[in-house]
J.: 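Pasting a structure below so you can have a look.
Predicted model, so just to flag it, every value in this text is computed and none were measured. Below, chain A is the first sequence line, B the second, and so on; all start at residue 1. No hydrogens, no waters, no symmetry mates; every other heavy atom, side chains included, goes into these values.
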2 protein chains.
Amino acid sequence: MKTISENRAFGGVQGVYSHPSEVCGCDMTFGLFLPAEAEHEAVPVIWYLSGLTCTHENAMVKAGAQAWAAEHGVALIFPDTSPRGAGIANDDAYDLGQGAGFYVNATEAPWATNYQMWSYLTEELPHLLFSAYPLDEGRQAITGHSMGGHGALTIAMSFPGRFRSVSAFAPIANPSASEWGRKQFTAYLGKDESKWAPHDATLLMKKRGFDGPILIDQGASDQFLDKLMPEALAEAMIAGRQNAMMRMQKGYDHSYFFVATFMQDHIAFHADALYD
Amino acid sequence: MKTISENRAFGGVQGVYSHPSEVCGCDMTFGLFLPAEAEHEAVPVIWYLSGLTCTHENAMVKAGAQAWAAEHGVALIFPDTSPRGAGIANDDAYDLGQGAGFYVNATEAPWATNYQMWSYLTEELPHLLFSAYPLDEGRQAITGHSMGGHGALTIAMSFPGRFRSVSAFAPIANPSASEWGRKQFTAYLGKDESKWAPHDATLLMKKRGFDGPILIDQGASDQFLDKLMPEALAEAMIAGRQNAMMRMQKGYDHSYFFVATFMQDHIAFHADALYD
């Protein structure tokens, strides 16, 4: 593991580290905020998965999450959104390839070689983090923005018992039915839509739901509302009598200003579950 | 005035606007955060001046100031740090030319043509802002980071009665005696050091001080401490029996993580003065 940078922030440390990833076949970079409490005990963890075009860095510098994580004594993990590098498959489009891994294990060429974000985030990176840092594996929560909200919801529902709570900011809620999803699932997973279902939050909600609370914020002025399809997820949550809150936030768009505005609520929501 | 972007944030609006500047001879861009209160009344204002290499954008997206400004019902102004554009004089160094205006009116070629940041920030931009937006000219405060801390302190002391309070994050405190100052003042103002004195916070403190409270935060692990010279300003503040607090913050460096960490305190400090 290589230390890229460490800055004191809000009484703790905001670090950036890189490591060779076996499943992605390249070096991967992540951000980790450790609150002051981590100096003497293992602290609970909130995973933050980012959206299209983002690296580990965007949320780390723009979401204002450390202030609230410090207040609640919670660590934050900011993974990257795809494998990266000169030798890694890519596409000119902003929504495919590097910066757009969609949190799946690709099975199709040329993506399958490196695009193994599902295994990276659910196996390799947790294994590394929980052995290297004072993080409490028994107290995890997960959140994310847009494509990252999709990742957070699908991962949370796929590993019952692992996450105490899940939240999302403007998640891609029904990718199998959306422009943000169909194109990428076809490229990464192939044309057989049955392979897509485990990566669609709405379909997972219909099938099994989540055994904890869910908080979703959605900007009512989001310029991508038709691609996000929160209405499909809302319907599935209601039908499943899921413990959930979805808030339409008047006037807010898809930007980090939206994310930053409601970050305090999301961290407090997760802290409630993590310190239960 | 041209609207570049407007995003709802923390119940208010984070806008970015550009306008032709007469004194700088080019288009200038600034950020303006208006809290919800601005919908029905003129609100108090905090100016935030940025440091070397920054545009209007850095603090606007990385300092986390809007959360606290919204809490106190205060507007934030984020000006640029220099004139900009293809036809504007520049230098290869990060600390001279575009992104490094040092908040002075240049008198030397080639800078004098456009580098009139002092007049821009103390005359042209305030005139424009207070006529175009619901901002209360009678309730202003000013802050800044590094080169912007230098700008905030020198402007505040040069316009008695205009600002109720001034604060700074790791300001360039004694530029006449520093690598961050001597080079730029020579370029912009010429070799006659008597022309530099009105732009040196330590010398202004010795000469006249500030008729309100001052708050200064300085990271104790700041990698640029020898260029910032807070000790010179501290000595002058003590000799002048200035109403001031300077805090050395253990472990913090010069980054925006440091700025973001103490932003809540600075906004609360100014709000106390603005709502007095």
J.: Of all of B:G251, B:G11, B:S255, B:A63, which one pairs up most often with chain A through heavy atoms under 4.5 Å apart?
T.: B:G251
J.: Tell me, side chain or backbone of B:N7 under 4.5 Å from chain A's heavy atoms, or both, or neither?
T.: both
J.: I'd like to know if A:K2 pairs up with A:D27 as an ion pair, taking the criterion as any Lys NZ or Arg NE/NH1/NH2 lying under 4.0 Å from an Asp or Glu carboxylate oxygen.
T.: no
J.: Given a strict heavy-atom distance threshold of 4.5 Å, which part of B:E6 is in contact with chain A: side chain, backbone, both, or neither?
T.: backbone
J.: Does any heavy atom of chain A fall under 4.5 Å from the side chain of B:F258, the backbone, both, or neither of them?
T.: backbone
J.: Using non-hydrogen atoms and a 4.5 Å limit, figure out which bit of B:M263 sits close to chain A: side chain, backbone, both or neither.
T.: neither
J.: Examine whether an atom of B:Q264 lies under 4.5 Å from a heavy atom of chain A, and if so say whether it belongs to the side chain, the backbone or both; otherwise answer neither.
T.: neither
J.: Regarding B:D222 and B:H254, is there a side-chain donor-to-acceptor distance under 3.5 Å anywhere?
T.: yes
J.: Going by the ring-ring contact (aromatic ring centres under 6.0 Å, His included) test, name the single residue among B:F224, B:F78, B:Y256 that passes it with B:H145.
T.: B:Y256
J.: If you measure from CG on A:L121 to CG on A:L49, what distance do you get to the nearest 0.5 Å?
T.: 6.0 Å
J.: Can you confirm if the aromatic rings of B:F10 and B:F33 lie within a centre distance of less than 6.0 Å?
T.: no
